[in-house]
> 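I am attaching a structure below and will ask some questions about it afterwards.
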Amino acid sequence: MDDEPGWLADGLAHVWQPYVQMKTAPRPPAVAATRGTRIVLADGRELIDGIASWWTAVHGYNHPALLAAGARQLQHMPHVMMAGLAHEHPYRLAARLAAIAPAGLEHVFYSESGSVAVEVAMKMAVQFWRNSTGEQRTKFVGFHGGYHGDTFATMSVCDPQGGMHTAFAGALPRQYFAPLPETEAQQEELDRLLAGHDDIAAVIVEPLIQGAAGIRMYDTATLRRIAETCRANGALLILDEIFTGFGRTGAMFAADKAGVAPDIMTIGKALTGGVAPLAATIASERIFDAFYDEDFGKALIHGPTYTGHALGCAVANASLDLFESEPRLAQVASIKRLLETALAPMRALPGVADVRVLGAVGAVELEHDFDTGAARARFIERGVFLRPIGRTIYLAPPYVIDEGDLQQLVEAMAAEIGFQERHAGK
Ligand SMILES: *Cc1c(COP(=O)(O)O)cnc(C)c1O
């Protein structure tokens, strides 16, 4: 550890890292800088980032337009609270988000993390019924394989078998779950569930890709069926686009690909291109109308300290500018073509259970469990940054990645699949 900076050695005893067993977690490599699609380590090595820092850095790192927007904002006003005051960027951003969001979504509530955006969506759904019909609809329908965040309400709608939150099972509100309605039998199960309960406020689903719980993909017809089932049974539909939003599936929002308009949509992750923490919950006119009243008791009572953060919103506006001035969706389409060509042959490799590609996401699922921590370390040795989920190795790179870097990511994946096959069962 000769090249290791002092702050890492000093801080390791005090930083409680995310999603790891601290006792067995490998020492994280120290990062000195980022640029483009690269993470530069303190020891001088460079890693090609295959997952865009948890799917946020869609324009690559250090894009000059985002840095300039952030610097301008920091110089004249990093932030000022939004309760009782208005400032430019959250207002501009809300109007722009309403213009590009699926039809009917008009009202933007800001928070600082995706989990909170989902919490707010759930609060909106419950209170919508109380305000509009007086019904006590307090339950949600989630799907097997779903992920919506790590706070209490959001954990309650994550895949109950997934294992991420089993420690809290007894502390969570109990919700309803169904498989995605991909077959007729599954559709009937969802129909029965929604028709059979009058306490359901909303159905919540990640459109087209279930990300964090395993990079599972499903088709637009299934998403449309979910939307129709909600409509037929009078349940609200919440689309969680925190992973899929901002071009990841090839359209600005996955809902657009299916022609589905939800009652409420959550966004986060790529909203600021990975520069600042910002998320939002966007509601339809119908939802908003149920809160719009003389009666204070009908107001939405939520207000994160940093709601409408000036720096975050300034960078988010600059990120939307980049979607207009640079060919992001065309870049997603070329990533998709390259991934289809490069990953398809892996289907024939021994030990591979499935290969999936949608937009700028490519996933190879193996037949057996493996030590993902050890795999991550091998990826770093191979000069790439990848984080397998469960049995799935996947790519969700910045959209600006060039063909050479993408090819190297694919080769690193292939090398790991070969390694796993050689060591399977040993
Ligand atoms: C990441 C994610 C969340 C949680 O967002 P955080 O910012 O980590 O709280 C919720 N839903 C989906 C679909 C996500 O991908």
Side-chain angles (χ1 to χ4, degrees), residues 16-20 51-58 102 109-125 140-160 162 164-165 168 172 175 180 202-218 223 226 237-249 253-255 257-258 260 262 264-282 302 304-307 309 312 315-316 319 358-361 363 387 389-390 392 394-397:
W16 201 329
Q17 300 166 47
Y19 291 138
V20 293
I51 57 169
S53 270
W54 262 334
W55 322 331
T56 61
V58 292
F109 188 95
Y110 293 110
S111 47
E112 350 62 351
S113 85
S115 298
V116 175
V118 174
E119 293 270 341
V120 171
M122 294 172 79
K123 283 175 73 169
M124 282 178 181
F140 292 85
V141 174
F143 290 94
H144 300 160
Y147 174 83
H148 301 287
D150 290 341
T151 54
F152 273 82
T154 62
M155 281 196 291
S156 78
V157 287
C158 291
D159 184 321
M164 285 245 280
H165 302 131
F168 306 100
L172 300 179
Q175 314 290 11
L180 290 165
V203 171
I204 180 163
V205 69
E206 298 157 271
L208 305 188
I209 307 182
Q210 293 181 312
I215 315 290
R216 257 204 82 199
M217 299 176 184
Y218 64 97
L223 181 56
I226 293 172
L237 175 63
I238 302 172
L239 288 188
D240 181 352
E241 292 251 13
I242 293 170
F243 173 39
T244 50
F246 302 101
R248 188 50 77 182
T249 65
F253 297 101
K257 295 195 86 151
V260 164
I264 305 172
M265 179 170 93
T266 53
I267 53 173
K269 294 219 160 87
L271 173 56
T272 66
V275 173
L278 186 72
T281 311
I282 313 183
H302 201 96
T305 304
Y306 284 114
T307 184
H309 194 260
V315 178
S319 174
L358 180 62
V361 185
R387 279 178 66 91
I389 297 175
T392 300
Y394 76 97
L395 303 176

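One is the number of the first residue; the rest follow in order along the sequence. For ligands, and for the atoms within them, numbers begin at 1 and follow the listed sequence.
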> With only distance considered, is Trp55 within less than 3.5 Å of ligand 1 through an N or O on each side?
no
> Find the distance between NZ (Lys269) and OG1 (Thr244) and round it off to the nearest 0.5 Å.
10.0 Å
> Atoms of ligand 1 less than 4.0 Å from His148 heavy atoms?
10 (C), 11 (N)
> For the OG1 atom of Thr281 and the CD atom of Glu119, what is their distance to the nearest 0.5 Å?
10.0 Å
> Counting each atom of ligand 1 from 1 as listed, which ones have a heavy atom of Ser115 under 4.0 Å away?
4 (C), 5 (O), 6 (P), 9 (O)
> Asp240 heavy atoms, cut-off 4.0 Å: which ligand 1 atoms fall inside?
10 (C), 11 (N), 12 (C), 13 (C)
> Fit a plane to each ring of Phe243 and Trp55, take the angle between them on a 0 to 90° scale, and name the class: parallel (under 30°), tilted (30 to 60°) or perpendicular (over 60°).
tilted
> If the cut-off is 4.0 Å to any non-hydrogen atom of Ser113, which atoms of ligand 1 fall inside it?
7 (O), 9 (O)
> Check each atom of ligand 1 against the heavy atoms of Phe243 and keep those under 4.0 Å away; list them by number with element.
15 (O)
> Does a donor on one side chain sit under 3.5 Å from an acceptor on the other, for Thr56 and Ser53?
no
> Nearest protein heavy atom to atom 6 (P) of ligand 1, by residue and atom, and its distance?
Gly114 N, 3.4 Å
> With Tyr147, which of Met155, His165, Gln210 fulfils side chain to side chain contact (heavy atoms under 4.5 Å, CB included)?
His165
> Give the atom numbers and elements of ligand 1 that come within less than 4.0 Å of a heavy atom of Lys269.
1 (C), 2 (C), 3 (C), 14 (C), 15 (O)
> More than 12 heavy atoms of other residues, nucleotides or ligands under 6.0 Å from OH of Tyr306: is that the case?
no
